[in-house]
Amino acid sequence: MNHKEIIVQLQSQSTWFLFFINVFTLGIYCGHYIIRQTRVINSHVGHHQPISFVFVLLIVVLKYAFVLGFVLNYFYPAIKGLFLTHVLLDLFIHASVIVWGVQARNRMNRILNVTSSHFSYFGLLGSVMFSPFYLNYKVNMSHEKLIEQYAVGA
């Protein structure tokens, strides 16, 4: 597997941009980012345990439902149970994104065939705590290291 190829395909924007656009869109952009990265990862994993695209689509649909619940809760705060449903939906979305982050981490470490001492290794703690942001950060850092290596080697 060409290490440079997958890192270049996954590299898309700065982590700060991803964070702020995620805040601005109430999490919807992050769902679409997850779809994009899953497609790239799955194209390199092949048929050997790809990340379920149905699972990823469920995350995106739930993110849209979260925004709808946010708007409804804002305009109709008196509806009983809406706030609790919204909070539970938010917790489920976060849990799903964490699961996706761990799955993406496992696939990336397998694709890149790296050990924990390699600069491109995706750690478990970062994957759990900051799922898509950590993936984006590690891809950007790996991309910079690869550019440095190719510049020195050229």
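All values below were derived from every heavy atom in this structure, side-chain atoms included, with hydrogens, water molecules and symmetry-related copies excluded.
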Measure the shortest side-chain to side-chain distance between L135 and M108 over non-hydrogen atoms and say whether it is less than 4.5 angstrom.
yes
Is there side-chain contact between V97 and F92, with heavy atoms separated by less than 4.5 Å?
no
Verify the distance criterion only: is there a donor paired with an acceptor across the side chains of N136 and Y33 at less than 3.5 Å?
yes
Interatomic spacing from OG1 in T115 to CG in N109 - rounded to 0.5 Å
9.5 Å
Can you spot which of V99, I98, V102 makes a side chain to side chain contact (heavy atoms under 4.5 Å, CB included) with S131?
I98
Is any side-chain heavy atom of P132 closer than 4.5 Å to one of Q37?
no
In residues 45-54, what donor-acceptor pairs under 3.5 Å come from side-chain atoms, sequence neighbours left out?
unit_1 : atom_1 : unit_2 : atom_2 : d
Q49    : OE1    : R110   : NH2    : 3.1
S52    : OG     : V54    : N      : 3.4
S52    : OG     : F55    : N      : 3.2

Would you find more than 12 non-hydrogen atoms of other residues, nucleotides or ligands less than 6.0 Å from Y121 atom OH?
yes
Could you go through Q9 and E5, starting from their C-alpha distance and side-chain angles, then the distance that decides it, and tell me whether this counts as side-chain contact (heavy atoms from CB on, under 4.5 Å)?
CA-CA 6 Å; Q9 288 177 358; E5 180 183 329; 3.7 Å; yes
Is there a path of hydrophobic side-chain contacts, each under 4.5 Å between heavy atoms of I/L/V/M/F/W/Y residues, joining V139 to I35?
yes
Please tell me whether F24 and L26 are part of a single hydrophobic cluster in this structure, the criterion being side-chain heavy atoms less than 4.5 Å apart.
no
Roughly how far apart are S96 OG and I59 CD1, rounded to 0.5 Å?
5.0 Å
CD1/I93 to CG/L88 distance, rounded to the nearest 0.5 angstrom?
11.0 Å
In one Ile/Leu/Val/Met/Phe/Trp/Tyr side-chain cluster, 4.5 Å: Y137, V128:
no
Looking at every non-hydrogen atom in both residues, tell me the closest pair between L10 and R36 and how far apart they are.
O-NH1, 3.5 Å
Parallel, tilted or perpendicular: which one describes the rings of F19 and W16, with boundaries at 30° and 60°?
perpendicular
Do T25 and H32 come within less than 4.5 Å of each other through their side chains, counting heavy atoms only?
no
F133 atom CZ, over 12 foreign heavy atoms within 6.0 Å:
yes
Distance in Å, I21 CD1 paired with Y29 OH, rounded so as to fall on 0.5 Å steps:
6.5 Å
Is L68 reachable from Y74 through a run of hydrophobic residues whose side-chain heavy atoms are each under 4.5 Å from the next?
yes
Return the minimal non-hydrogen interatomic distance between G27 and K63, and the atom names on each side.
O-CD, 2.9 Å
If you take all heavy atoms of S127 and R105, which pair is closest and at what distance?
OG-CB, 3.3 Å
On a heavy-atom basis, the closest approach of L112 and I6 is CD2-CG2, 3.5 Å
Compare all side-chain heavy atoms of T15 with those of F130 and state whether any distance is below 4.5 angstrom.
no
How many angstroms lie between NE2 in H86 and CZ in F70, if you round to the nearest 0.5 Å?
7.0 Å
Where do Y134 and M129 land on the side-chain contact (heavy atoms from CB on, under 4.5 Å) test, with the steps shown first?
CA-CA 8 Å; Y134 178 71; M129 297 293 290; over 6 Å; no
Does any N or O in the side chain of R107 come within less than 3.5 Å of the main-chain N or O of I41, such that one atom is a donor and the other an acceptor?
no
I28-F20 co-clustered via ILVMFWY side chain contacts under 4.5 Å
yes
Nearest-0.5 Å distance, CD of residue E144 to CD of residue E148
7.0 Å
Using side-chain hydrogen bond (donor to acceptor under 3.5 Å, both in side chains) as the criterion, list what pairs up with D90, not counting sequence neighbours.
H94
Take V60 and I34, measure what side-chain contact (heavy atoms from CB on, under 4.5 Å) needs, and give me the verdict at the end.
CA-CA 8 Å; V60 174; I34 288 172; 5.9 Å; no
